[in-house]
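The next block holds one structure in the form of structure tokens; read it before the comments.
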Amino acid sequence: MASLLCPTSATVQQNHRVLCFSPLKSISQVNHLSLTKRHKNTTARCNAFDLLQQSVSQFPVVKSEFESVTGELNEVQKWGFIVFAGLTWIYLTARPGVLVGAIDAYLLAPLQLGLGSLIGRRSLKRSDFLVGDKLGEGSFGIVYSGVIVPKNASLEDRLPKRGKAKKALVDDDRFKEKVILKKVKVGVQGAEECGDYEEWFNYRLSRAAPETCAEFLGSFVADQTNSQFVKGGKWLVWKFEGDRTLADYMKDRSFPLNIESVMFGRVLHGVESVKRNALIIKQILRQIITSLKKIHDTGIVHRDVKPANIVVTKRGQIKLIDFGAATDLRIGKNYVPNRGLLDPDYCPPELYVLPEETPSPPPEPIAALLSPILWQVRAPSLVNASMSCIYL
């Protein structure tokens, strides 16, 4: 009786061992049971799926409906992906060209920089050119005629006196490559910034729309001060495309007949005068608007289109010049909402290239991504096109 009420030490130890070690055994048993249960559940699901397939296969009508629904889901997903990809492609290639702009900025521009360094266009010097007569002057720069000095020329030829430079431009057969040089004014507020922008836009258009503007050769900084150069002053250089602008032709009372043979390569005989004039004007406008469209496709708006900034080549081609006031609305370069760059004689349409309430551009990658929306809402490309029609 006592043994029943008072367990022996062996029994207590045995019970103690059971109490001490039974939790570990319980965890092991639980893990085992859990794994077994998961396996059974997985097996049950597999069996259920197999059973569903077997059941469906036993009923042809149900099977065909099942396959039809599955096929329709796959078809919807496929078409959804195609539509999404199509809309994305349309957006990225819409004016002003997010995708093309990214390729230009991250691939073509570095390639042009490397190639220009190899052939020497990024390392031009003052002694590479002879500066001739002054052709014109603007608020921020002065334009001169000039020639490229051959590599085998002597030091005296590279640094000639003023009179000899002019003589070389006319008489010396060694100086055959004509150029146009623009000296950026020193000490004029905004001139240096304008020159830097003009250089950037010329490089950009030389890659994206080279047929719309004169071929840009590069720039150099004067290394000394003399009668023509100011030390530290920037010069921009273009290949000679022609020395007459549309403004030069329009000053003549015989315009547009004085430009007829240049534009068509011949005189339009047998055409009545009114129709003849209309054909000449139409040819000029067609080239201007075509060039502007190509420029706008890159996101650039000229903002200073006028007869003095339109060069007419000897082959009758229209070339736009002077991109110092241009803006790239794809990335917001040279655009400040509350500031306009303008010529007082042509300012009204240029001033409103975009409404003043348009916000300042965000960082360039974000601005480029959002640029198709801005272009559709504000339509800045209509400004230059309307200006061209007004002038003529």
Side-chain angles (χ1 to χ4, degrees), residues 112-188 191-207 210 213-245 248 308-309 311 313-314 319-324:
Q112 185 188 48
L113 176 61
L115 182 61
S117 300
L118 286 175
I119 64 177
R121 283 194 175 183
R122 297 294 180 126
S123 57
L124 300 179
K125 302 183 296 297
R126 175 184 60 85
S127 57
D128 292 334
F129 305 96
L130 293 182
V131 181
D133 294 327
K134 176 181 173 181
L135 300 179
E137 182 174 355
S139 301
F140 299 132
I142 305 174
V143 180
Y144 297 90
S145 61
V147 293
I148 297 177
V149 178
K151 297 296 183 183
N152 58 353
S154 64
L155 180 61
E156 184 181 359
D157 289 329
R158 290 182 176 275
L159 302 172
K161 295 181 180 180
R162 182 69 175 168
K164 187 173 181 180
K166 289 185 177 181
K167 186 175 185 300
L169 292 174
V170 178
D171 301 329
D172 200 324
D173 292 335
R174 294 177 301 164
F175 301 91
K176 296 180 179 179
E177 296 185 66
K178 294 183 178 181
V179 293
I180 298 294
L181 301 102
K182 182 175 184 178
K183 178 173 70 174
V184 179
K185 291 184 177 180
V186 178
V188 177
E192 184 177 353
E193 181 184 19
C194 185
D196 292 339
Y197 280 130
E198 184 165 13
E199 181 178 14
W200 188 92
F201 282 112
N202 273 275
Y203 275 126
R204 172 80 173 95
L205 289 173
S206 69
R207 300 187 301 268
C213 54
E215 182 180 347
F216 187 59
L217 300 181
S219 66
F220 66 90
V221 175
D223 56 358
Q224 69 177 30
T225 300
N226 56 29
S227 60
Q228 290 181 325
F229 300 95
V230 176
K231 187 175 182 179
K234 175 176 281 191
W235 288 68
L236 308 178
V237 187
W238 292 267
K239 181 180 178 181
F240 179 80
E241 300 279 2
D243 54 4
R244 298 195 69 182
T245 66
D248 295 328
N309 287 338
V311 171
T313 71
K314 293 181 179 180
K319 300 282 187 177
L320 293 170
I321 60 173
D322 198 354
F323 284 85

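For this chain, numbers begin at 1 and follow the sequence in order. Here the structure is a predicted model, which means the values were calculated and not measured.
- The minimum heavy-atom distance between V179 and L181, with the atom names listed, is CG2-CD1, 3.7 Å.
- Residues meeting the side chain to side chain contact (heavy atoms under 4.5 Å, CB included) test with C213, sequence neighbours left out: L205, F323.
- Sorted by first and then second residue, the pairs that involve residues 216-230 and meet salt bridge (charged side-chain N to carboxylate O under 4.0 Å, His left out), not counting sequence neighbours, are R126-D223.
- Residue pairs meeting the salt bridge (charged side-chain N to carboxylate O under 4.0 Å, His left out) criterion with at least one member in residues 224-235, sequence neighbours excluded, are D196-K234, E199-K234.
- Of all heavy-atom pairs spanning A222 and W235, the tightest one is CB-NE1, 4.5 Å.
- Among residues two or more places apart in sequence or in another chain, the salt bridge (charged side-chain N to carboxylate O under 4.0 Å, His left out) test is passed with K185 by E137.
- With F129 as reference, F220 is the one residue of F220, F240, F229 to meet the ring-ring contact (aromatic ring centres under 6.0 Å, His included) rule.
- With sequence neighbours left out, F216 forms a ring pair (Phe, Tyr, Trp, His ring centres under 6.0 Å) with Y203, W238.
- Under the side-chain hydrogen bond (donor to acceptor under 3.5 Å, both in side chains) criterion, Q112 pairs with S206, R207, sequence neighbours left out.
- Taking 4.5 Å as the limit, every side-chain heavy atom of L236 sits out of range of all side-chain heavy atoms of N202.
- Contacts of R244 classified as salt bridge (charged side-chain N to carboxylate O under 4.0 Å, His left out), with partners at least two apart in sequence or in another chain: none.
- Within the model, atoms CG of L130 and CD1 of I148 stand 10.5 Å from one another, a figure rounded to the nearest 0.5 Å.
- At least one side-chain heavy atom of N309 sits under 4.5 Å from a side-chain heavy atom of I321.
- Here the closest non-hydrogen pair linking A191 and F140 is CA-CD2, 3.6 Å.
- The distance from the CG atom of D243 to the NZ atom of K314 is 7.0 Å, given to the nearest 0.5 Å.
- Judged as a side chain to side chain contact (heavy atoms under 4.5 Å, CB included), and not counting sequence neighbours, the contacts of T313 are E241, R315, Q317, K319.
- Evaluation of the salt bridge (charged side-chain N to carboxylate O under 4.0 Å, His left out) rule for K182 yields E198, D322 as partners, not counting sequence neighbours.
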